[in-house]
Every structure is written in C-alpha cells, then in structure tokens.
Amino acid sequence: KDKYKDKEHKHKDHKKDKEREKSKHGNRYCVGASRLFINTCFWRSLFSIDTTWLITAMKSLDGKVKKEKENGFASPPYVKSEPEEDFYHSPKHEKSLKRERDDDYDSEFKPKKIKTENDKKAKKRKQDNEDIKSKKTKNKKGEVADGKKKAKKEPEEKWKWWEEERYTDGVKWRFLEHKGPVFAPPYEPLPSNVKFYYDGKHMKLSPEAEEVATFFAKMLDHEYTTKDIFRKNFFKDWRKEMTSEEKGKITDLKKCNFTEMSEYFKAQSEARKAMTKEDKLKIKEENERILQEYGFCIMDNHRERIANFRIEPPGLFRGRGDHPKMGMLKRRIRPQDIIVNCSKDSKYPEPPPGTKWKEVRHDNKVTWLVSWTENIQGSIKYIMLNPSSRIKGEKDWQKYETARRLKKCVDRIRAQYREDWKSKEMRIRQRAVALYFIDKLALRAGNEKEEGETADTVGCCSLRVEHIKLYPENDGQEYVVEFDFLGKDSIRYYNKVPVEKRVFKNLQLFMENKEPDDDLFDRLNTSILNKHLQELMDGLTAKVFRTYNASITLQQQLKELTNSEENIPAKILSYNRANRAVAILCNHQRAPPKTFEKSMQNLQTKIDAKRDQLSDAKRELKSAKADAKVRKDEKSKKAVETKKKAVQRIEEQLMKLEVQATDREENKQIALGTSKLNYLDPPGHDCTKINGAFPLRRSTTKPNVRSLLGPSTWQTKTLNFKSQFVVLTMIHVFLLDTCFFLA
DNA sequence: TCGCTCACTTAGTATTGTGGGA
DNA sequence: TCCCACAATACTAAGTGAGCGA
C-alpha cells in the first residue's frame, strides 16, 4: 500500500491535469476490484460459491488495471492475478498445510539453510537476509534516505509465504531479530502558569502526583470522569502517588479543580492542529524514522512489520461497560518490566542507557517479540507482528481451513445435537441446547469469569436464567425465546427467536427451581463443550462455529442478493449488504459517532435547501409552460424543456440526499469492520479495502432487521432486490421502516 | 478435575489521513 | 483553500482455548 501511495504522489507531481485525476480514480476502483476478485476466488474454493458474475466482472476490471499500469500507475505488486480455480494455493488436504520439513531445529537459532526447502528458495531466503542486513548497515551509516529511495524505485517482490512449507511441532520461527520496544516519552511537568486548585486554593503538586492528575484532566470531558467507580478508583490510586503532605490536604476529589490543566491540554491539541505544514512534515518524518527503526523485525530472513512496537503509555484504565477497575492507574512500563524474545544469535535489542531488561528469552515456540505484565488485571501484554506477516497469515489460513472442514460435517453434528435434546442425561441435553444456540445464533462460547474483576458479561455457556425469557406464543409465533444480556465488551445482545419445541421444553426444564442469577446451563462449561466438539471433529471448538456461520452467511447472502444482470455498483452494494447480514448475525455494534447528530443536522439542512430549490424550479416550470402556451414559439418551448430537466435533476439530487440520510441513520450503530477483518476476509484482509474503494454502505442494525434477515445462516431469509441502484435503495429503506413499524 | 497461566484472536474506540464538495 | 465526512490505522480491552501442575 505504501508503494501504491508513493506512486500516487509521483503521479500527482508529474501529471496534475484532470484527465490523470480521472485515471487515478479509475485505478483505485480497479485495485479494489482486483482484490475483490482474489477474495471471490477464495470464497469459491472455500464453499463452492457461485460467483461467476463477480469473477467475470473483476476479470474485466483486472484488464483495466493492466492498462493503467502502462501509465506508470500500477496497482500494488501484491495484487496477484492468479488463475481463478486454485488461486489460493489451497492444499487439497489439511495435512499438506503442514510442512514436512525436517525438524532439525538447532539450538543456535541460526538462519541456516533449511533442508526441505528447494535450493532456489533457500538461496532466495539467504539473499533476502543478506540484502536486509546490508540495508541495515547502510542505515547505520546514515544513508536511510538513499535506501528508501532505492526501495521505492525498485518495488520488491511480495513474499509469497503461502507457497512455502510451514513449520511443525509448534516452532514459530528460526531466526528473530528486532530493536525492542519504543517507550512512552517521559513526563514533562506543566508550565508554572497552569495551576491546580484544591478547595479554591492554588496547590503545587509533586511531579508524581501532577502526572496522575494530568491523566484525569485529559479525560475531564469524557463520560468516564462522571462515573462513581471511575472517580473512586482514580482517587484511591492518585493518593498513592501523593506525598504525605499532599495526602493530608487532598481528601476529597470533588474539591479538586483540574480545569486549567484541561484547558492547557486542549490548547496544546489546537496548537498541534494549527501547526505549519513544515512542522507537521517534520513530525511525520520523525515518526517514519522511528517506524523504520523499531517497526520492523527480521524473522526467518524476511523483514516483517511489527503491529504495536510502542509500549502502552501510562494513564487511567478505561474498562468497558461497568468495569469495577475503571479509573485505576495504569503505571508506566520501564525496561526492567520488559521481557524480550529473540534469537540467541541475533543482535539483542539494547535497553535505554543505564537500564536493564527484565529478561532476554529465546523461545521460538511463541510469536511475541516483547511482553510485560500490566498492573490492572495482572495480564500479560505482547508486542507481536502485523496481520500482514507470515506468522499471522498462516494462523488465519488455518482458521478458515478448520471452518471448511466443519462445513463437511456440520450436518452430522447438527443431527447429533438434535438427537441429544432427547437424552436422559441433563448434562447432554444442556450441551446440545447450548451448541444449538452457538450454531444458530453465533453466540460466543462464554468462559467463566472471576466475579468482581471484570464487567458482568456472559456468553452462551455462562448465560444465567435472568438472561432469557420464554414465550410459548409471541407475535403469532410459537416457542419464542427472548435473549437479553451483555456480551463481549458489554455490548447488549437482544434477540427474540422462535426455537424448536424440544429446545423450548428443555429450557423450561433447565430453568425449573432456579433463581434469576443461577446458571442456565449449570452442568456445562466451555471446557466440557469444547472437549465434546473435539470428539466430533479434530480441532473443532465453539469459536469455529462463529467463523463458519459468519462465512457461510456471506456466501448465501452474496448468492441471493446478487443478479448477474446488474451493474458493478449494484453488485458491490449487494456485497456490502451481505456483509451487513454477517455483522448483524455476529452482533457487531458500535457507539454512534460523536459527530453523528451534527452531521445529520447538516444533511437535513441540505435536504431542506434542496426542497426549496425544487419548489422554486417547479414554479419556474409552471410559469414557463404558461408562457409557452401564450407565445407558442420555439424559444419558449425550449425554455420549458430546460426547466423540466432542471426539475428532474433537482428531484434526483433530493432523492439522493434523502437516501443518504436514511443510510446514515441506519448505519448509526452497526460496525462492519470486525466481521470483514476476522470472519470474512481470508489472508490479506482485502475486503475492507474494497469498501474503501466503493463507499456504498447501506446498513441494517435495528432489532427488527435481525428478524428480517434471519439470525441463522441456515435459516436466513433474504430480500431479493432486482431493480436498479436507486430503486433498490428506496425499496430497502421502505421495507426496513415498515418492518420496524410493524415490530 | 480444577484452577491457573499464557498465548493468542476478536473487539470497539480514538486518532489520523484523505478526498471531494462548497 | 477550507471544511467535513469517512476510511484507514493505531490502540488496547476483552474474549477464547491450550496446556500444565496439584
């Protein structure tokens, strides 16, 4: 992508005319389309999906890409144009995914020749490594810019790790070298004119106490600081940082005045925004330098991007939902807290002068480069590689392979759990009903959680009696179960679903003689469930159902919503709709954007203005018609035609704006990103880019929509729109509103 | 079997970058 | 040229599940 951007800049430098701008947009379109093509092929291979239409369309667009390349404006080199059928080099059997490489793992971790690799590949690896090392040496000599320029001029070939064999026996790498983490900048005391007041009087704080106070001041406008738990936890931890004198004086948070601090940070933020272009550029260059130095590692002869090379800065913990620990002080991480993981024979990262690492480890059975233990929950945090890396890509691939295997035996598993609903044993019935929910509703497994340590959220196995309601009859449907609970990230899951009679009866049984806060599935946990799933299929866990159902929902929706006769935008629209169905299935929600109300208001103003314009245009048309009737000449006839066209144009513009408003309103609470990234998009995460190229987003997030599209993949009902783009949208909006009204 | 740790994936929010319309 | 909206990216919290030892 960087290379692509680079070309884009060059392009702008040399050809600024409109013609070229047009070609740029065309190319963006093609790049997105090309990626869509790749993913489409993957889907075809994954679930035998019928996407011939898409492939044909993308093929034509790929041709366009090639033409654009001649203009010196090519798509990124990693966009492959592979044969459709087996583009993904997907092995025929799962076994072949695993490399049969000799496991002669040497304790020295030297990047030496790997036996099972063919000589060509091995040579290439060796060459790569030498290249990287020589580049590094150059960098040290201060020739960074040259190196970069060279890299830009000669686009490197994308490493096709998926064509290589994989490690076995849990070995993740043989050689790993990196520069360690980037620490948060040290605290800079506030200028003397920025004061803190306690009980109306100015008070100079010690640097330690002042730093923690600034964390609170920075969040003053946030809802968090109004929450009792947040304030209580913050105050408790803040007092720990105070001197005994400060502790004696500051006893009530309500009497603390952080306003000047808060104003100071706001002013700083404004100043940053108002910086000159030159200053902004300087900062950008410095960030780029840090990225080049710390943002990459060498893993098995390849330079790989690190995802999060910066250590989390100190601050106040922002737990989600009603988190009992929100507001607690997240302390500053120092080098002595850091465990570094790298090869024995690599150049170890240097700790900052005068400090030491906690430990330097050489564990090649894990993927992390750096780890530390955070102080809020005592959990371990990691620095790992970017999703584009080989190590993450392979894992992602494996995930879809497992989902593909599930497809082959899902019918048998479903038949089995249906049979188990009748079991004499309560534990088996509970297991079967839970699995039914996981499969039908894509619920998460629901591990047990330590009470009081985190927000009270649940998944399937940890559902409590209070989380469901049973209706023998509801809205004309039989055996309805109403779910209402907080899931991951305290996102509310609300759904009313008709279930099979046996499930309903079983649920009644499970709830008998129980209190609302008792476990619904008291004889089940995730460990028991996963053990059972493991017996049904190797590698099967509750999580796989979510991947599988999300994936197959996309497939079904694509199939049902698309029409080979339609134009590309309409097809892309269908693609986005299919994605929305998945987001709804997986309950991916978001908080409405902060600027939502304002942007809706702006849009409404535009609509109002357009309406006024329309009535003016209609009035003018009427008078032109009257004029033409009297004059009966060509000129006045022409005038009528012109006015007619103007009315038509304004009407179209108005409709577009109205559709946009509805669209935005519906998109208020839905989050499409997660499903595209983690469930729908095989290695490469390219689908998200398509959305970028085609910002055609229709959304459906209201509870009624869930029932419209259907919560289950294998029971999903879909809307079959066949008209053109605008009409499609209008019908869609109308139907949704009607359903919402009826609901 | 259970409790626990560790390693990883999945998730929503915040921030930054970018393109298009006024 | 500026501003707005939205996409992309960064950040980090919150899940899942394997594996280990008592």
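First the proteins, then the strands, lettered A, B, ... as listed; each starts at 1. In this text, all values refer to a predicted model and were calculated from it rather than measured experimentally.
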* Structure fact -> the helix from B:dT1-C:dA22 to B:dA22-C:dT1: angle between terminal helix axes, five bp per end, to the nearest 10 degrees, reads 0°
Please determine if a side-chain N or O atom of [X] lies less than 4.0 Å away from the OP1 or OP2 oxygen of [N].
X: A:R444; N: B:dA11; result: yes
X: A:T541; N: C:dT16; result: no
X: A:K172; N: B:dC8; result: yes
X: A:R305; N: C:dA10; result: yes
X: A:K395; N: B:dC8; result: no
X: A:N447; N: C:dG15; result: no
X: A:K399; N: B:dT10; result: yes
X: A:H222; N: B:dA14; result: yes

If you look at every strand shown and take non-hydrogen atoms under 4.0 Å, does [X] touch a base, only sugar-phosphate, or nothing?
X: A:G319; answer: sugar-phosphate
X: A:A455; answer: nothing
X: A:T367; answer: sugar-phosphate
X: A:T457; answer: sugar-phosphate

* When you measure from the centre of the six-membered ring of A:F317, is the NZ or CZ of A:K330 under 6.0 Å away and within 45° of the axis? -> no
* Geometric cation-pi criterion, A:K227 with A:F230: 6.0 Å, 45° -> no
* To do: Give a yes or no on whether a salt bridge exists between A:E374 and A:K381, defined as a side-chain N under 4.0 angstrom from a carboxylate O.
  => no
* Asked: Salt bridge or not for A:D237 and A:R331, using N-O below 4.0 Å?
  -> no
Counting heavy atoms from C-beta on, name the nucleotide in [options] closest to the side chain of [X].
X: A:N530; options: B:dG12, C:dG17, B:dT13; value: C:dG17
X: A:H323; options: B:dG12, C:dA14, C:dT16; value: C:dA14
X: A:K449; options: C:dA13, C:dG17, C:dG15; value: C:dG15
X: A:R310; options: B:dC8, C:dA13, C:dC11; value: C:dC11
X: A:A671; options: B:dA7, B:dG12, C:dA13; value: B:dG12

* If you round to the nearest 0.5 Å, how far is CG of A:L406 from CG of A:D439? -> 8.0 Å
* To do: Tell me which residues in residues 376-385 of chain A put a heavy atom below 4.0 Å from DNA chain B, sorted by number, or none.
  => A:I380, A:Y382, A:M384
* To the nearest Å, how far apart are A:N375 CG and C:dA13 C1'? -> 14 Å
* Count the heavy atoms of every other residue, nucleotide or ligand shown that sit under 6.0 Å from CG of A:D322, and state whether that count exceeds 12. => no
* Neighbour count >12 (heavy atoms, 6.0 Å) for atom NZ, A:K280 -> yes
* Asked: Is a donor-acceptor pair below 3.5 Å formed from side chain A:K488 to base B:dT10, judging by atom type as modelled?
  -> yes
* **Sole candidate of A:Q377, A:K325, A:H323 that passes side chain to side chain donor-acceptor pair (under 3.5 Å) when paired with A:E453** => A:K325
* Decide whether A:T457 and A:K449 meet the rule of one side-chain donor and one side-chain acceptor closer than 3.5 Å. => yes
